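In what follows, every chain begins at residue 1, and chains take the letters A, B, ... in the order their sequences are listed. These figures come from a predicted structure and were not determined experimentally.
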Protein chains: 2
Amino acid sequence: MANGNRGPSMHDVAARAGVSHQTVSRVLNDFPGIRPETRDKVLEAIEELGYRRNLAARALVTGRSQTIGMIGPEIPDIGPLSTLHAVERAARDAGLHTMMTSADPSAASVRDALEFLVGRSVDAIVLVAQQRSVLEALAGVDPRVPVIHLLTGGEPAGSAASIDQRAGARFAVDHLIGLGHTRIQHVAGPLTYIEAQLRRDEFRSATAEAGLPELEILEGDWTTDSGFAAGARLDPSATAVFCANDDMAFGLIHALATAGRSVPGDLSVVGYDDTATSRHSLPPLTTVRQDFEAVGRRAVELVVAHVAGESPAAQLIAPELVVRASTAAPSS
Amino acid sequence: MANGNRGPSMHDVAARAGVSHQTVSRVLNDFPGIRPETRDKVLEAIEELGYRRNLAARALVTGRSQTIGMIGPEIPDIGPLSTLHAVERAARDAGLHTMMTSADPSAASVRDALEFLVGRSVDAIVLVAQQRSVLEALAGVDPRVPVIHLLTGGEPAGSAASIDQRAGARFAVDHLIGLGHTRIQHVAGPLTYIEAQLRRDEFRSATAEAGLPELEILEGDWTTDSGFAAGARLDPSATAVFCANDDMAFGLIHALATAGRSVPGDLSVVGYDDTATSRHSLPPLTTVRQDFEAVGRRAVELVVAHVAGESPAAQLIAPELVVRASTAAPSS
DNA sequence: GGGCACCCTGTGACCGGTCACAGTCCAGTC
DNA sequence: GACTGGACTGTGACCGGTCACAGGGTGCCC
């Protein structure tokens, strides 16, 4: 085995066990029809040499790598990160592995990431496509493997694992309307995000259908700071605010407290995400829970189906309203 | 190129450009001494065929994959996740790529993850080792590649990228002492975590050196819920609390508010992490900032150094105290 | 005893790159 | 005109697995 420091190969194991390399391969791949003593000899040799199969060699000949490539955003948001993390765990349960790379929303960056993963012979790609520009980057590109979109929140395409953003926004607005609010304002996320667009659109539809007045829609950038800034620009007549995520809701509540206004006494606030802190913020935040875990599992199901040549039915994951103490009936 | 749906190979490109496969390889690897017309012909053929180099083949022959393997925790905490994310970006800047897998803290799980990554011919491994059991799992294992530990927060070993936990805890306690507090209590993280141990140990040292009385140390599990629970078990005489992370601090503050006690009026609270919400919680939280981004970059520096055969000097990353509105001088 | 099936194992080609080693061609020199 | 050297390109082995196929035994039947 004088092969540098590369570690033992299948041939080394074969030589030690006194069999052929092919027999070693068969043992490793659980082929039937190996005599028990032979199998034991091979396993023993593997143990003694500390042999580990080289997956590059395997991928080279099979053309498949049992690996899912993941393309994440450059910014470390807990939502996408925990979703990708869930993909990793679900993939492992399915006997697959994952490889992650990240890309900014530019077409060039997304294509680079695709190139890299395809070059690594991944069997499928899971792409966090929160922004429309990411989807557009794929136009005219043939990735040669199935591509699953994550967290678009949009149309229930068969190759996307997403949460139903419209339903979530509808829950939030209906909750406020149910409490008796009629002057409801919205702090949207950055509208380059499909999720932000969908929540805003559904906010508009829901308030319009209820015959409520249209208050100005403010646009934040998901951060607590932008929520704080939005707090200063609220419509004075608003009695409730639906924020497109929890972080902006926290910033907004802070701004309100600074201005001497209480939540929910003076103003009701609903968030979106149900982050770790939401259940113990002051006041605990009414919000919409997104099951990122489920998105991850769904993504792996889609990968498995596509690799097997199936075309699974479209299906959005339903969010859930969590009512806490930041919402109440209007005071007047 | 009738090779199934595997895509064109280097030989296909060579045939189309009318050169040998070796010339194609030279063009791809930027070897000097290629006639410009030849290079152009090759690049054109690559373009036309949509050729992408197969990295499995390359990894097989070179024995190196230009890839860093990362082992993360099973639980999606923002700290480790954003650190790993930072590793990914720093690696990309260094021309490397990453592959991620996760493991629970058991020895078997950590070893499986190592096996997998080594089998994938990674050039180095970055391991989130927040718990001592993870480090112990490595005892007696020869991974055959450099292993960099992440976020142990402990001893400044040359192969670890960590934040100086002792310094951070010292900042927090000194800040409270500086405000005049003498009865300071600590809500520790789960003590299976090295970070939690170090913060607690330093809390003890700092208070003992200042001659302060020893109040009971409560143990949480990092979650807001456990902070909330700790709120009910606080020493009635305490005037300040140092929480081992921000989430527990939020839970604690919520519990205090529920009991009618105000922060910082009745009690000062310091957190640890400086999460996204900390700057806009009620009140904005005094905390210790950890630069996860820097840890990620440092990890990649260490990888590059180790792969080059160097043994870089030990160096911990300094945390930073961020003073906000949750701390004040004791009221009495 | 020969033939045949079945069980188990071995042989060699091949995946798509890189590496080491040879060429081939042309200009410059004696 | 033959010789040398540099610039450029080609040839074949090899990395470590898997695949297709070809054996060598043994037991059973005719």
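- Residue Thr23(A) has a polar side-chain atom (N or O) positioned under 4.0 Å from OP1 or OP2 of dG10(C).
- Judged by distance alone, the side chains of Glu88(A) and Thr101(B) do bring a donor and an acceptor atom under 3.5 Å apart.
- For Gln290(B) and Gln165(B), the side-chain atoms include at least one donor-acceptor pair closer than 3.5 Å.
- Looking at Ser102(B) and Arg92(A), their side chains do bring a donor and an acceptor atom within 3.5 Å of each other.
- Between the NE2 atom of His11(A) and the P atom of dC14(D) there is a distance of 12 Å, given to the nearest Å.
- When the P atom of dT9(C) is taken as reference, atom CZ of Arg39(A) falls 10 Å away, rounded to whole Å.
- Close to dG17(D), at under 4.0 Å from its OP1 or OP2, lies no side-chain N or O of Arg53(A).
- Annotation for Val300(A) and Ala94(A): closest pair CG1-CB, 4.2 Å, computed over non-hydrogen atoms.
- The phosphate of dT11(D) (OP1 or OP2) has no side-chain N or O of Ser20(B) nearer than 4.0 angstrom.
- Rounded to an integer number of Å, the gap from CG of Leu28(B) to C1' of dG16(C) is 12 Å.
- Salt bridge absent: Glu293(A) and Arg298(A) never bring a charged side-chain N and a carboxylate O closer than 4.0 Å.
- Separating the CZ atom of Arg58(B) from the P atom of dG17(D) is a distance of 20 Å, rounded to the nearest angstrom.
- Protein atom CD1 of Ile34(B) is 19 Å distant from nucleotide atom P of dG6(D), rounded to whole Å.
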N/O contacts under 3.5 Å, protein versus nucleotides 19-27 of chain C?
residue : atom : partner  : partner atom : Å
dC19(C) : N4   : Gln22(B) : OE1          : 2.7

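- Comparing Leu60(B) and Gly33(B) against DNA chain D, the residue whose closest nucleotide sits nearer the 5' end is Gly33(B).
- Nearest heavy atoms, Pro8(A) versus Tyr51(A): O-CD1, 3.4 Å.
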